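If you're wondering where the values come from, they're calculated on a predicted model, not measured in any experiment. Quick note: residue numbers are just sequence positions, from 1.
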Amino acid sequence: QVQLVESGGGLVQPGGSLRLSCAASGTRIRLYGMNWYRQAPGKQRELVATISFGCSTNYADSVKGRFTISIDNAKNTVYLSMNSLKPEDTAVYSCTANITYWGQGTQVTVSS
């Protein structure tokens with residue numbers, strides 16, 4: 001059974017940083033393209049970042065230069081490092097493997 005468990009969310013002030021983790025079990029994440037999505041209240045779910053088999057990365061324009069997706073195959077974990085956070089980054093962040101398996105999400109709130 002494949003499970004993805006996110007952690008690392010919380011409350012942070014504007015301009016602050018957080019690192020989200022997505023730990024996988026039941027499979028090896030190197031077999032998948034891994035993605036981070038987010039969904040804010042009343043808004044559609046948005047693709048934030050992608051890392052492919054070959055570790056090429058892509059980002060939404062809204063987070064380019066501020067967010068970094070990375071993978072640690074030894075820990076079977078994908079990360080989303082978020083810097084220079086803005087109030088509009090407030091959302092529930094979820095990781096997914098090939099948009100097939102999803103985690104439960106972790107809340108990120110950016111507020112002073």
Side-chain angles (χ1 to χ4, degrees):
Q1 182 180 0
V2 177
Q3 283 192 317
L4 302 175
V5 179
E6 300 97 335
S7 61
L11 173 64
V12 63
Q13 292 187 343
S17 299
L18 284 174
R19 189 177 78 157
L20 306 182
S21 300
C22 173
S25 60
T27 190
R28 301 301 301 178
I29 56 173
R30 68 173 180 266
L31 301 176
Y32 299 91
M34 298 297 297
N35 308 282
W36 283 97
Y37 280 79
R38 68 184 180 187
Q39 187 164 23
K43 294 189 177 181
Q44 286 191 328
R45 187 168 59 197
E46 175 189 20
L47 176 60
V48 175
T50 298
I51 186 164
S52 69
F53 299 114
C55 292
S56 63
T57 57
N58 284 288
Y59 300 93
D61 287 343
S62 58
V63 307
K64 277 182 183 175
R66 300 189 297 122
F67 289 13
T68 303
I69 187 170
S70 60
I71 196 166
D72 186 331
N73 287 311
K75 294 184 178 180
N76 213 27
T77 298
V78 63
Y79 302 98
L80 185 67
S81 297
M82 307 185 295
N83 298 314
S84 302
L85 282 162
K86 305 174 181 180
E88 51 264 43
D89 294 318
T90 295
V92 175
Y93 286 72
S94 301
C95 67
T96 175
N98 273 10
I99 321 177
T100 300
Y101 304 106
W102 290 81
Q104 83 290 349
T106 185
Q107 176 70 47
V108 171
T109 303
V110 185
S111 175
S112 54

Checklist line | Nearest-0.5 Å distance that lies between atom OG in Ser25 and atom CD in Gln3 | finding: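 So the OG of Ser25 and the CD of Gln3 are separated by 4.5 Å.
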
Do [X] and [Y] make a side-chain contact, defined as non-hydrogen atoms from C-beta onward lying under 4.5 Å apart?
| X | Y | value |
| --- | --- | --- |
| Cys55 | Ile71 | yes |
| Glu6 | Leu20 | no |
| Gln13 | Val110 | no |
| Lys43 | Arg38 | no |
| Tyr101 | Tyr32 | yes |

Heavy atoms only: give me the nearest [X]-[Y] pair and the separation to one decimal.
| X | Y | answer |
| --- | --- | --- |
| Pro14 | Ser111 | CD-C, 3.6 Å |
| Cys22 | Met34 | SG-CE, 4.5 Å |
| Ala24 | Leu4 | CB-CD2, 3.5 Å |
| Ile29 | Asn76 | N-OD1, 3.0 Å |
| Ala91 | Ala40 | CB-N, 3.8 Å |
| Ser17 | Asn83 | OG-OD1, 2.9 Å |

Check: Under 3.5 Å, is there a donor-acceptor pair between the side chain of Thr90 and the main chain of Thr109?
Finding: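 No: the side chain of Thr90 does not pair with the backbone of Thr109.
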
Next item on the list: Spell out, as yes or no, whether a donor-acceptor pair under 3.5 Å connects the side chain of Asn98 to the backbone of Thr100.
Entry: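 It does not hold such a pair.
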
Next item on the list: Start with the C-alpha gap between Asp61 and Lys64, add the side-chain angles, then the distance that decides, and say whether salt bridge (charged side-chain N to carboxylate O under 4.0 Å, His left out) holds.
Entry: CA-CA 5 Å; Asp61 287 343; Lys64 277 182 183 175; 3.2 Å; yes

Next item on the list: Examine the side chains of Asn58 and Thr50 and answer whether a donor and an acceptor come within less than 3.5 Å of each other.
Entry: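 The criterion, which ignores hydrogens and geometry beyond distance, is not satisfied for Thr50 and Asn58.
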
Note to self: Side chains of Ser62 and Glu46: any donor to acceptor distance under 3.5 Å?
What the structure shows: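 There is such a pair between these side chains.
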
Next item on the list: Taking the six-membered ring of Tyr79 (Phe, Tyr or Trp), confirm whether the NZ or CZ of Arg19 is under 6.0 Å from its centre and within 45° of its axis.
Entry: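 The answer is yes; both the distance and angle limits are met.
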
Margin query: Tell me if the aromatic rings of Trp102 and Tyr37 count as close, with their centers under 6.0 Å from one another.
Written below: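 Yes, ring centres under 6.0 Å apart.
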
Next item on the list: Under the side chain to side chain contact (heavy atoms under 4.5 Å, CB included) rule, what do Tyr59 and Leu47 come out as? Steps first, then yes or no, please.
Entry: CA-CA 8 Å; Tyr59 300 93; Leu47 176 60; over 6 Å; no

